[in-house]
Asker: 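I am attaching a structure below and will ask some questions about it afterwards.
A, B, ... follow the sequence lines: proteins, then strands. Residue 1 opens every chain.
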4 protein chains.
Amino acid sequence: MDGTKQQRRRGDTRQRIQDVALELFAEQGYEKTSLREIAESLDVTKAALYYHFKTKEEILVSIFEDLTQPIQGLIAWGREQPHTLETKREALRRYGEVLAGAAPLFRFMQENQATVRDLRIGEMFKNRILGLRDILIDPEADLVDQVRCISALFTLHAGMFVLQDLEDDPEKRRAAVLEVATDLVTQAHRGAGGV
Amino acid sequence: MDGTKQQRRRGDTRQRIQDVALELFAEQGYEKTSLREIAESLDVTKAALYYHFKTKEEILVSIFEDLTQPIQGLIAWGREQPHTLETKREALRRYGEVLAGAAPLFRFMQENQATVRDLRIGEMFKNRILGLRDILIDPEADLVDQVRCISALFTLHAGMFVLQDLEDDPEKRRAAVLEVATDLVTQAHRGAGGV
Amino acid sequence: MDGTKQQRRRGDTRQRIQDVALELFAEQGYEKTSLREIAESLDVTKAALYYHFKTKEEILVSIFEDLTQPIQGLIAWGREQPHTLETKREALRRYGEVLAGAAPLFRFMQENQATVRDLRIGEMFKNRILGLRDILIDPEADLVDQVRCISALFTLHAGMFVLQDLEDDPEKRRAAVLEVATDLVTQAHRGAGGV
Amino acid sequence: MDGTKQQRRRGDTRQRIQDVALELFAEQGYEKTSLREIAESLDVTKAALYYHFKTKEEILVSIFEDLTQPIQGLIAWGREQPHTLETKREALRRYGEVLAGAAPLFRFMQENQATVRDLRIGEMFKNRILGLRDILIDPEADLVDQVRCISALFTLHAGMFVLQDLEDDPEKRRAAVLEVATDLVTQAHRGAGGV
DNA sequence: CATGAATGAGTTTTCATTCAT
DNA sequence: TATGAATGAAAACTCATTCAT
């Protein structure tokens with residue numbers, strides 16, 4: 001009797017702002033998405049956005065924080081583990097899942113690096129990536145092997161968004177990308193004297 | 001005698017606009033660089049920019065066209081060659097050189113993908129990348145090997161800009177990146193039944 | 001108590017924009033009237049205009065729509081009537097009243113035809129005029145009589161604005177203009193076989 | 001052997017500027033026609049326009065002066081004649097010819113009254129019209145008859161440009177318009193006690 | 001007879017943000 | 001929990017005009 005949209009929406013406006021904002025940011029970029037656009041998409045006024053968030057940047061930060069939480073967990077987990085190949089593989093696998101689970105955000109990060117750099121999330125993201133890197137890389141490994149690990153990370157990232165024309169099925173795509181990344185890390189692990 | 005700045009500048013304003021614009025675009029991003037800023041950097045008026053270029057986008061396009069000329073040559077060369085591993089390696093090597101020779105532009109392309117997508121150079125760049133891909137990829141290769149080739153390209157691209165903290169000497173960095181990329185293509189080539 | 005200008009203005013800004021804009025458009029022409037000028041006249045910022053209207057053209061369109069409403073009524077009425085001379089006379093009389101009631105707008109339309117043609121109101125206005133024409137003209141009448149009817153319309157229009165130096169009293173002017181226009185339509189009606 | 005366009009154009013650039021400018025002014029209006037546009041149409045630079053004319057307005061003035069010369073002749077002639085009906089008819093006939101002979105200019109004047117008013121030609125044109133009026137109007141005539149004469153002038157003017165959809169053949173249009181105008185003046189003449 | 005290069009002043013429009021209600 | 005009304009700053013772009021060559 002009262003399950004109308006109007007009613008249901010009570011209280012979840014904040015979430016809806018985040019959803020719409022992320023969608024638009026990913027589609028058009030951060031600067032080219034105006035608060036007016038977001039507000040109109042939600043059928044509220046711009047001022048309403050300011051009730052829920054202090055600034056435009058804050059909207060993005062809040063999305064980022066919510067969606068990258070799992071990475072924090074992954075890093076914490078990785079730090080506890082021994083630096084074995086198996087650990088690295090598992091880290092990649094789990095990271096792949098995180099990426100797939102928040103694809104629009106990561107697509108956004110990928111395509112708006114110049115913008116992101118100047119925003120608060122720039123630093124945050126960099127730290128997360130460095131955290132991951134430390135799980136994958138052995139610090140005594142030679143430069144080439146270190147590059148392999150970074151390259152694995154790039155491959156995972158970019159693979160999510162640029163390979164549509166190579167293969168339609170996203171599941172197959174993910175699998176292939178993960179295999180290449182895993183391979184790279186494996187080679188690096190062997191090179192570094194691992195087994 | 002009369003080699004004052006005023007005199008010297010005669011005739012090279014167009015070039016100077018391109019130089020300054022690229023520098024600022026790469027540093028701050030396209031949207032966050034205003035024509036006012038460019039003009040002020042050059043100590044001319046905004047209107048002067050419009051004497052030399054019809055729009056802001058045109059400035060970027062002209063830079064892109066000038067600096068990616070060598071890629072066109074590389075692609076043309078590649079099309080003539082047999083699809084041997086040696087060809088692929090040579091292509092990667094030469095592409096690496098192009099990237100190094102126009103680093104600010106490619107850094108810009110990398111960090112402003114969302115913007116670039118909507119600009120004329122988006123399509124242009126995509127075509128050039130696809131041209132390169134066709135040199136590296138064997139169309140009958142399996143998906144994983146195709147991903148390896150794309151990954152090689154990513155590695156080359158990104159490696160130019162993200163690895164500063166891994167190694168100071170840019171020459172060593174380039175060499176390492178190139179090695180990883182070449183490796184990837186080599187594996188892909190073998191997988192596809194090459195020798 | 002609190003009837004200050006600031007307070008009174010609450011809520012009527014939109015109307016005030018229309019008023020000032022029409023005045024300036026009529027005085028100086030559309031293109032030579034800048035939004036800065038309108039804003040300054042009202043002691044608000046340019047951006048305030050954009051809160052109330054999407055574009056400069058929209059301001060004009062909204063004025064036009066508001067002020068030509070009565071013509072729509074007149075045309076609707078005319079369509080219902082028989083094509084008698086009396087109908088035509090009454091139409092002219094009423095149209096004359098409409099013109100007098102929105103003189104600045106019609107003066108503007110008259111003096112900015114080249115501009116109006118390219119704007120949305122160009123088409124709108126044309127349609128209204130054609131609607132009026134169909135009330136006055138008998139389609140089987142000969143060309144000369146048709147021209148008489150159009151001429152009656154012109155006379156009415158232009159008469160409002162160009163005859164100041166012939167007669168000071170605007171009421172007398174209106175009466176004279178209306179008489180000439182009515183005469184023209186009467187002649188046309190007789191010529192077409194009416195009585 | 002040397003009758004090429006390039007050669008022929010020697011010396012007639014001034015004329016060509018006037019021609020193109022009038023065409024564009026009539027088509028788009030004065031303000032919406034930029035000097036850049038005129039220059040590009042002629043394949044010369046803007047600066048070249050300034051060699052031939054001191055300002056944009058001067059271009060228009062020169063066109064106006066050249067093309068309204070015949071009106072001056074007509075007015076001079078009219079002043080010498082007795083104020084008979086025959087004189088008035090002849091004046092209308094000749095004025096109709098002038099209008100037809102410089103249709104683009106008069107279309108321009110008609111459609112850009114707001115602009116013209118602020119330009120030097122505004123005053124000039126007004127004087128010519130007043131000169132004509134004095135030929136047609138008997139100053140002791142009553143107001144209605146004076147309006148008839150002005151209306152005759154309007155009819156002639158506007159008839160040139162607004163009646164395309166009433167009749168295709170421009171000659172027939174002119175004849176009809178002239179008849180209506182002549183009629184108006186004739187009625188006015190009778191009313192004023194003429195024979 | 002004309003151009004290349006530039007300018008100063010202006011235009012319309014957009015944006016993130018604020019605040020009283 | 002929102003809205004209506006507004007602002008200040010800035011953006012991209014256009015225009016008539018100038019002047020040394």
Side-chain angles (χ1 to χ4, degrees), chain A residues 9-14 31-39 42-59, chain B residues 6-7 9-14 17 31-39 42-59, chain C residues 6-7 9-14 17 31-39 42-59, chain D residues 9-14 17 30-39 42-59:
Chain A
R9 271 170 189 174
R10 287 274 156 121
D12 65 341
T13 302
R14 194 189 144 91
E31 357 246 354
K32 268 174 351 226
T33 300
S34 67
L35 294 185
R36 179 174 57 66
E37 222 174 339
I38 297 176
L42 288 166
D43 219 40
V44 295
T45 59
K46 269 183 290 172
L49 305 184
Y50 279 89
Y51 177 80
H52 292 281
F53 299 95
K54 268 218 289 285
T55 63
K56 184 184 181 185
E57 184 172 355
E58 268 269 302
I59 299 179
Chain B
Q6 296 292 354
Q7 304 284 21
R9 273 173 186 172
R10 280 286 150 89
D12 64 341
T13 302
R14 195 190 141 93
I17 292 171
E31 357 246 355
K32 266 173 352 225
T33 301
S34 70
L35 295 184
R36 179 179 55 69
E37 220 174 341
I38 298 176
L42 289 166
D43 215 42
V44 295
T45 59
K46 274 176 290 166
L49 305 184
Y50 281 92
Y51 176 75
H52 293 281
F53 300 94
K54 268 216 282 285
T55 62
K56 185 183 180 185
E57 184 173 355
E58 263 260 309
I59 299 180
Chain C
Q6 296 292 356
Q7 304 284 23
R9 273 173 188 171
R10 280 286 152 89
D12 65 340
T13 303
R14 195 189 141 94
I17 293 171
E31 359 247 352
K32 268 173 350 225
T33 301
S34 69
L35 295 184
R36 180 180 53 70
E37 221 175 340
I38 297 175
L42 290 165
D43 217 42
V44 295
T45 60
K46 273 175 289 165
L49 306 184
Y50 279 91
Y51 175 75
H52 293 281
F53 300 94
K54 270 217 283 286
T55 62
K56 184 183 180 186
E57 184 173 354
E58 264 260 308
I59 299 180
Chain D
R9 272 172 186 175
R10 287 275 156 114
D12 65 342
T13 301
R14 194 190 143 91
I17 292 172
Y30 178 76
E31 359 246 353
K32 268 174 350 227
T33 301
S34 67
L35 294 184
R36 178 174 58 66
E37 221 174 340
I38 297 175
L42 289 165
D43 220 40
V44 296
T45 60
K46 269 183 293 171
L49 305 183
Y50 279 89
Y51 178 79
H52 293 281
F53 299 94
K54 268 217 288 285
T55 65
K56 185 184 180 185
E57 184 173 354
E58 267 269 301
I59 299 180

Asker: Pick the closest DNA chain E nucleotide for B:A48 and for D:Y51 by heavy atoms, then say which residue is nearer the 5' end.
Answerer: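 Nearest nucleotide further toward 5': that of D:Y51.
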
Asker: Once you round it to whole Å, what is the distance between P of F:dT3 and CG of A:L35?
Answerer: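 Rounded to the whole Å, the gap is 14 Å.
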
Asker: Can you tell me the distance, in whole Å, between the CG atom of A:L42 and the P atom of F:dT3?
Answerer: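 In whole Å, F:dT3 P lies 10 Å from A:L42 CG.
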
Asker: May I have the distance from D:H52 (atom NE2) to F:dT17 (atom P), rounded to whole angstrom?
Answerer: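 About 16 Å, once rounded to whole Å.
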
Asker: Looking only at the side chain of A:T13 (C-beta and beyond, no hydrogens), which of the listed nucleotides F:dA12, F:dA2, F:dA6 gets closest?
Answerer: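 When the side chain of A:T13 is considered, F:dA2 is the closest of F:dA12, F:dA2, F:dA6.
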
Asker: So B:I59 and B:L35, side-chain contact (heavy atoms from CB on, under 4.5 Å) or not? Walk me through it.
Answerer: CA-CA 10 Å; B:I59 299 180; B:L35 295 184; 4.1 Å; yes

Asker: What nucleotide, of E:dT12, E:dA2, F:dC19, holds the atom closest to the side chain of D:A47?
Answerer: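 Minimum distance to the D:A47 side chain belongs to F:dC19.
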
Asker: Using heavy-atom distances to pick each residue's nearest nucleotide on DNA chain F, tell me which of D:K56 and B:K56 is more 5'.
Answerer: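 It is B:K56 whose nearest nucleotide is closer to the 5' end.
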
Asker: C:T45 and C:A39: which non-hydrogen atoms are nearest, and at how many Å?
Answerer: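 Looking at all heavy atoms of both residues, the closest pair is C-CB, 3.8 Å.
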
Asker: Across all strands shown, which nucleotide pairs with E:dA5 by Watson-Crick or G-U wobble geometry, both distances under 3.5 Å?
Answerer: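 Because both required distances fall under 3.5 Å, E:dA5 counts as paired with F:dT18.
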
Asker: Expressed as a whole number of angstroms, how long is the span from C:K32:NZ to E:dT12:C1'?
Answerer: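 Value for this atom pair: 18 Å.
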
Asker: Expressed as a whole number of angstroms, how long is the span from B:Y50:OH to E:dA6:C1'?
Answerer: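 Answer to the nearest Å: 15 Å.
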
Asker: Do you know which two heavy atoms are closest between D:E37 and D:K32, and how far apart they sit?
Answerer: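 It is OE1-O, 3.7 Å.
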
Asker: Starting the side chain at C-beta, find the nucleotide from E:dC15, E:dT11, E:dG4 nearest to C:R36.
Answerer: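 Selected nucleotide (nearest to the side chain): E:dT11.
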
Asker: Rounded to the nearest Å, what distance is computed from the CG atom of residue D:L49 to the C1' atom of nucleotide E:dC1?
Answerer: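 Atom CG in D:L49 sits about 13 Å away from atom C1' in E:dC1.
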
Asker: Between the base of E:dT3 and the side chain of D:K46, is there a donor-acceptor distance below 3.5 Å?
Answerer: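 Looking at the base of E:dT3, it does not pair with any donor or acceptor on the side chain of D:K46 (distance under 3.5 Å).
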
Asker: Without decimals, in angstroms, what is the distance between D:D43 CG and E:dT3 P?
Answerer: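 Going from D:D43 (CG) to E:dT3 (P), I get 9 Å.
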
Asker: Give me the atom names and distance for the closest heavy-atom approach of A:T55 to A:Y50.
Answerer: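 Smallest heavy-atom distance, with atoms named: CA-CE2, 4.2 Å.
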
Asker: Side chain of A:S34: nearest nucleotide among E:dT17, E:dC15, E:dT11?
Answerer: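 For the A:S34 side chain, the nearest candidate turns out to be E:dC15.
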
Asker: Please report, rounded to the nearest Å, how far the P atom of E:dA5 is from the CZ atom of B:F53.
Answerer: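 Nearest whole value for this atom pair: 12 Å.
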
Asker: Could you state the interatomic distance from NZ (C:K56) to CD (C:E31), rounded to the nearest 0.5 Å?
Answerer: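 Taking NZ in C:K56 and CD in C:E31, the distance rounds to 6.5 Å.
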
